Amino acid sequence: ACNRGDATSSGDSSGVGPIGIDFPRADSDFWNSYNKYVPTTAKDLGINLMAPTNSQNDVTKLVANVQALTAQGAKAIVMAPQDTGAIASTIAQLNTQKIPVVTVDTRPDKGGAYMVVRADNKAYGEKACKFLGDKLQGKGKIVEFEGDLSSINGRDRSQAFGDCMKQNYPGITVFAEPTNWEGAKASAALQTDLTANPDINGIYMQAGGVFLAPTLQLLKSTGHLIPAGQPGHISIISNDGIPQEFDAIRQGQIDATVSQPADLYAKWALFYAKAAVEGKTFKPGATDHNSTILDVGNGQLEDQLPAPLVTKDNVDDKSLWGNQVAK
Amino acid sequence: MNAVEASNITKRFGQTVALNDVHITVADGETHALVGRNGAGKSTLVSMLTGLNRPDSGEITFRGEPAPALSDRQAWRTKVACVYQKSTIIPTLTVAENLFINRQNLDGGPVISWSRLRRTAGDLLSEYGVDVDPNTDAVDLTVEQRQLVEIARALSFGAKFIILDEPTAQLDAPAIERLFERMRSLRAAGVTFLFISHHLQEIFEICQTVTVFRDARHIVTSPVADLSKDQLVEAMTGEAVGLGAGSNRPAIADDSVLDVQGLALGKHFRGIDLSVRKGEVVGIAGSGSSGKVELGEAIVGLRKADAGTVAVQGRTLKPGSVPAALAGGVGFVPEDRHKEGFVPGMSIGENSTFPITKRLGRFGFISGRKRAEVAEKMIADLDIKTSGPDQDVADLSGGNQQKVVMARALSSDPALLVLMDPTAGVDVKSKENLLDAVDRAAAGGAAVLVISDELDDLRPCDRVLVMFHGSVAGEFPAGWTDNELVSVIEGIGESSGE
Amino acid sequence: MSDVSTPVAAAARPRLQVARLRDLALLPAIVVLLIVGFIASPIFLTTGNLLDVVQQQSELGLVVLGEALVLIIGKMDLSLESTLGFAPALAMVLVLPTADHGLGLGLPEWTALPVCLLAGVLVGAINAFLVLRLQLSGFIITLGMLITVRGVQQGLTVGQSLSASVPSLAYLGNATWFGLHASIWIFLVVFAVAIVFVGYFRHGRSLYAIGGNEAAAKAAGIRTTRVAVVVIILASVLAALAGAMMYGRLGSVSASQGNGWIFDAFAAAVLGGVSLNGGKGTLFGALCGVLCLGLVLNILTLAHANPYWFLAIRGAIILGALVLARLTTGKAQD
Amino acid sequence: MSDVSTPVAAAARPRLQVARLRDLALLPAIVVLLIVGFIASPIFLTTGNLLDVVQQQSELGLVVLGEALVLIIGKMDLSLESTLGFAPALAMVLVLPTADHGLGLGLPEWTALPVCLLAGVLVGAINAFLVLRLQLSGFIITLGMLITVRGVQQGLTVGQSLSASVPSLAYLGNATWFGLHASIWIFLVVFAVAIVFVGYFRHGRSLYAIGGNEAAAKAAGIRTTRVAVVVIILASVLAALAGAMMYGRLGSVSASQGNGWIFDAFAAAVLGGVSLNGGKGTLFGALCGVLCLGLVLNILTLAHANPYWFLAIRGAIILGALVLARLTTGKAQD
Ligand SMILES: Nc1ncnc2c1ncn2[C@@H]1O[C@H](COP(=O)(O)OP(=O)(O)OP(=O)(O)O)[C@@H](O)[C@H]1O
Ligand SMILES: Nc1ncnc2c1ncn2[C@@H]1O[C@H](COP(=O)(O)OP(=O)(O)OP(=O)(O)O)[C@@H](O)[C@H]1O
Ligand SMILES: [Mg+2]
Ligand SMILES: [Mg+2]
């Protein structure tokens, strides 16, 4: 710790900024990919990026980090608040200091961000529901691994999936299992459910990074891991879009995933942060990168990035971020 | 008027009847002795008389008024002060605060003045001749100091009725004498005492009336002057007296078992040379600060000496290692049974057989049957009052706990037996039992070292060494008189040995 | 077992200082942290930054105070971390309309703060009943309560963050008094009062007596059960108050508010010399512990420690502070 | 012998049984759970389902066994939950190529399991050194180690889940022996050995003596420090073994593997009657505690309890089991 007076560590110190960024966590595959995209993207964009902080999924740490970043002269802040309510007063305060905020992945409940960059988590749930519902032709039993019930993304996915199932596929029974984003809990719940209902024919996992390996392992050891297309196959759809999911799709172990674009998150978050420092403004409407900027209320703009459904048909698409990282 | 009158008191603990329809009346201004064997129910009665416990049935009055409600501690404290047998010192607080616990605001104001508290505590301690810094954490006190602090506290309340439950068990002679002087002058000022002790000569020294309990029942209450010592012992034990039957051990062999050379430890003792032969019983006497206990602890490995050697049966022991000492054939009774004597929560059987678990089965396996056999034999030998070897030691009375500690020391048939204050808190009959056991061990060829300032413990010794300020100040062959021993213990007498 | 020949009363002054050293055991560690922080960033030693640290620690500080009091009487309370979220959440669902994820009971807005504190009383009273009356193990009971209380919050709020505005509840967490955040004042004043209370008042001292030897305290006339009940409830109320302040500072109460805080609370208290065995340690020490943890985090943030190694460095610093405190005071801990 | 009032030796048998009652305190709760489970789902009482429960609890079971042993000697170890993830993760990064998030050191694949267990030895040895040698508070030291060890895992793996295949490490977690999962065998056999060891063997009994009164144990010739070192290291090794089994069962080691498990481990041990004060409780009780927690979870899963109230129900059941155990045995806990 002898970088006295030098809070910047990557990017171009003559570039735009300095821009501060907080990583929400460093213990999940998805966020790890995002964390790795950030510095390289910053360099490409000519941003003077401050060394990132990490709030370990704790809003009080996030608030403290933001205070430290502003004390060190951040001109704009990129964050991914996992608790979207509790960040309200911090954002309000940053606004009074005229420091624009870009949030990634989540939208602050009270707005106030310069731009929100995210994919629609409700859409994940819906896509998963439609895919599974059609695949099972409206009949059967599905186990759903819910994320942490107190996380907005987990809740959005659960709600959208549940509502959609109820409306469109009343013939399907959904066993919603609270997992707290823990693979071990998911595995135990699935094992119990399979014992009680050997005819389970679908699984929806809300985070491939957490649930994929335990699920496949359990299916293998209980003799339920039957490739797609063969009788007895359990249809599985996941969320995240990590390389391991793509492998599993290729091998027919799972059917699909919704790719949550880690690379685009990094790219567009930094892009908007830079634009904010440069004083640019944006309006609702279609963008040049295949997405739409929406006004989600109170003038809060949100760039909803595409979150493509990945199946056997498009799993080798080079533009998917999961195919760009070395596994 | 009676300071206290308790009638028809019955108390059970589970299956044990601790008090069976007993009564006691302590008249104003007298010093009343309560005696009885270990487990007779004395301490249980004390807990009733001080409002810590409610009798199952029976009635207690103080000067004719019914006892206060159990929850009204303040009212109890105005009626009676007490030194309990179990320590009521709070180890994490300073001595000063312990002395004035729950009344730290000496001036009655809301805020505590610590400097005033310290001063007052210092005064109180020096008044009772207790040489302790009031700022010491109580956890650092020695057993004796702790006892003195308890006594000073109880006396400082200014209550007119004071109960002392075995206050002298862990005091040396001068401290006991100071306590008695104090009690006499308080009695002259009209204070009433209920005094519990297993030292019967103390009863005759300061008490006017004595009540005897046996097996949870009241046996007799009588003026002390009307009873002989033998009658008193008979009332306690229920047997005609056959105590003090002299020992007839075989002659002492020539080969020495314990050889201590040039042993020294900090400020406790230095230059100690000592040897004890097979079948010989050697006593070490001395006051609390003489270093005798520390010497014993260094011999058995509880402390590591700075210099010198300890050899048992010709083999030098690794300093500061109890396992080495045990392996070398040492058995011992530590000074503080609560601290080092036994493991509460474990049974008598286990506690008494720790050193010999190797012998109770093969490959580290412990045969419960063998253990029970050994334990039952020891329970019979030492007359431990218990429901059986599976009883938790924590549920025994103090004296019986001490016997379990003795049983542990004897379990390995040691070549050298080191006993530190072995009869503290043990009743007369049990004391005989313990000393008999010592005798039997010596007769069986063990060398025995008795470290105590209890003259009764030292009487069976073949010779007694007296320590004073860390060195041996004198040596007496059997047949010494109390006076000559005590004067050397206190550093005022001529030593006959040197 | 120690020396018979204790120094006599003349040595009182130096002895006292040695006894006090333990409370100050963290000071060397704090000094080292201040130096390291100064090297790490020029921002560190500014008043603004240090006040930020104090403010950020204010809620944890109240929880630590409550936990330290409970530890001093020889009990423990793990459920404080759940009370931190449950109490304000309950207050909010009671006053909020259903549109804001409330229960729509229509309680007047001003009742929110009292209800929040009452929720603290409730949780504390249940703990006290189970632990003191039924004599169940405090550890496992309050662990069960930790789970239950958080679960009830999750159930009541259907997992939602409550971010509607309830000004009366938010007031303490975002007001400014005499130019400083109200939470800083509350934190420091409450601590100061508590330090004086347990240091200089008979009832305060009785906490130490109870923790040191309950039977002896009872024999000395201290109403041990009553004191313990009051302390356990007080700790819960402090946690509820901290929860309200947190809502004021952050603008919402999430279903995981306080998650994992109990570790930090214990860490701060024990780091500051409070013993899990009861009867030992000072509130001043606990205060130092809270500030120490806050400084560590602040320095790591200012120094932009590698996010992946952040945790390891943080843990290593805590271990280092412990070893340092041990070596400078020479006292064993427990 | 002249005693009149004490029950005679004939009463020894019944006394023994009363003493043992505490170990069986959970049996009524388990019976109630079995009945409730049977009502909740016809599947519940099938061998398949009950074996599932045992398998799911096998890793927690090993951690509980380790924790119970440490608690019996009067210490505690919070860092076991981190060792559970760290040990297998370390083994994996050492044998895996960089492409699989390893360090690319090229250690042979078969070394993974020994390295994993050695990692347990290492963490345990550091704990033992700090707690026993430097005499620092076990709680705070192992809490510091919990953070540090997890942090080192996060640093080494750059936060990644390791899901590459390392068959030697995975073997114990997914093999089948005599028609049952290897993990079930390991869990039950290790527990059985431990129960017999601490119940009937000299060195085993010494754990209780140390926890009950360390000074007395020392005076009885027990090498207390040596025994404590062995127990603390053994507990870490058991956690490492559980970590390897978990990898085998789940197919990957995530950066948060074991996160929060220490609460469950303590809950199971204390629920089963093991005291945090040392010297008390049996391993059979701890085993019952583990199974109890597993049954609760299993029943809630089978009954498809409302996810939002899941936690609250779970907490309430734990509290209920405690109160039931208290009422049926009439013994206070600690
Ligand atoms: N809390 C308790 N639980 C169970 N039994 C008890 C309890 N307290 C005392 N007893 C039993 O009651 C009986 C009387 O014990 P008490 O302590 O009153 O004896 P004592 O006369 O004071 O003996 P000593 O001279 O050894 O101190 C003993 O058998 C003891 O085991
Ligand atoms: N003997 C003691 N036991 C316990 N704590 C003590 C003791 N002496 C002092 N303290 C602690 O030290 C702190 C201050 O003590 P100090 O002696 O300075 O008191 P004081 O208010 O200056 O008294 P005075 O003004 O009468 O000298 C208090 O918080 C108190 O808790
Ligand atoms: Mg007694
Ligand atoms: Mg002063």
Side-chain angles (χ1 to χ4, degrees), chain A residues 1-9 20 22-27 31-32 35 50-73 82-93 108-110 146 148-152 154-155 158-159 178 180, chain C residues 36-44 46 48-49 52-53 55-57 59-60 85 150 153-155 157-165 170 173-174 246-261 294 297-311 313-314:
Chain A
C2 46
N3 54 338
R4 179 166 171 73
D6 174 22
T8 66
S9 68
D22 182 79
F23 292 162
R25 54 198 302 172
D27 62 352
W31 285 111
N32 268 306
N35 296 354
M50 299 167 77
T53 58
N54 185 330
S55 54
Q56 293 169 318
N57 218 11
D58 178 345
V59 71
T60 56
K61 291 209 181 78
L62 174 56
V63 172
N65 289 349
V66 168
Q67 279 181 342
L69 289 172
T70 51
Q72 290 175 305
Q82 300 296 294
D83 184 337
T84 51
I87 201 62
S89 22
T90 307
I91 291 182
Q93 206 171 348
D109 292 355
K110 296 242 175 82
E146 297 193 318
D148 191 335
L149 293 172
S150 60
S151 104
I152 171 121
R155 217 169 42 227
S158 303
Q159 242 161 32
N180 224 15
Chain C
V36 171
F38 177 68
I39 296 169
S41 164
I43 309 289
F44 178 73
T46 58
N49 182 59
D52 280 357
V53 173
Q55 193 207 350
Q56 286 156 15
Q57 294 300 93
E59 298 117 10
L60 177 64
R150 187 179 303 297
Q153 181 190 356
Q154 202 172 80
T157 61
V158 203
Q160 302 282 350
S161 290
L162 303 171
S163 52
S165 160
N174 60 20
M246 205 161 158
Y247 162 65
R249 180 160 71 93
L250 302 176
S252 93
V253 177
S254 77
S256 60
Q257 175 157 310
N259 207 342
W261 276 43
L297 218 55
N298 184 251
I299 292 171
L300 288 177
T301 307
L302 287 176
H304 296 286
N306 178 338
Y308 295 101
W309 286 97
F310 192 96
L311 256 192
I313 299 173
R314 182 157 167 244

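Lettering follows sequence order; numbering is per chain, from 1. Quantities reported herein were computed from a predicted structural model and do not represent experimental measurements.
C:L300 contributes atom CG, which lies 11.0 Å from atom CG of A:N54 (distance to the nearest 0.5 angstrom). Considering CG of C:L302 and OG1 of A:T53, their distance stands at 10.5 Å, rounded to 0.5 Å.
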Go through A:T60 and C:M246 one step at a time and tell me if the side-chain contact (heavy atoms from CB on, under 4.5 Å) criterion holds.
CA-CA 9 Å; A:T60 56; C:M246 205 161 158; 3.2 Å; yes
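Of the two parts of C:Q257, neither the backbone nor the side chain holds a non-hydrogen atom closer than 4.5 Å to a non-hydrogen atom of chain A. Residue contact with chain A, scored on non-hydrogen atoms closer than 4.5 Å, involves the side chain of C:W261 exclusively. Only the side chain of A:D58 comes within contact range of chain C, with at least one heavy atom under 4.5 Å from a heavy atom of that chain. For chain A, the nearby parts of C:D52 are the backbone and the side chain; heavy atoms of each come within less than 4.5 Å.
Listed here is the closest heavy atom pair of C:G248 and A:S89: O-OG, 4.4 Å.
Among the candidates A:G73, A:G154, A:A71, A:A92, the residue making the largest number of heavy-atom pairs closer than 4.5 Å to chain C is A:A71. Of the listed residues (C:G48, C:A170, C:S163, C:G294), the one with the most heavy-atom contacts under 4.5 Å to chain A is C:S163.
In this structure, the side chains of A:K61 and C:L297 come closer than 4.5 Å at one or more pairs of heavy atoms. Taking 4.5 Å as the limit, every side-chain heavy atom of A:R155 sits out of range of all side-chain heavy atoms of C:V158.
Proximity of a side-chain donor or acceptor of C:T301 to a complementary backbone N or O of A:N65 within less than 3.5 Å is not detected.
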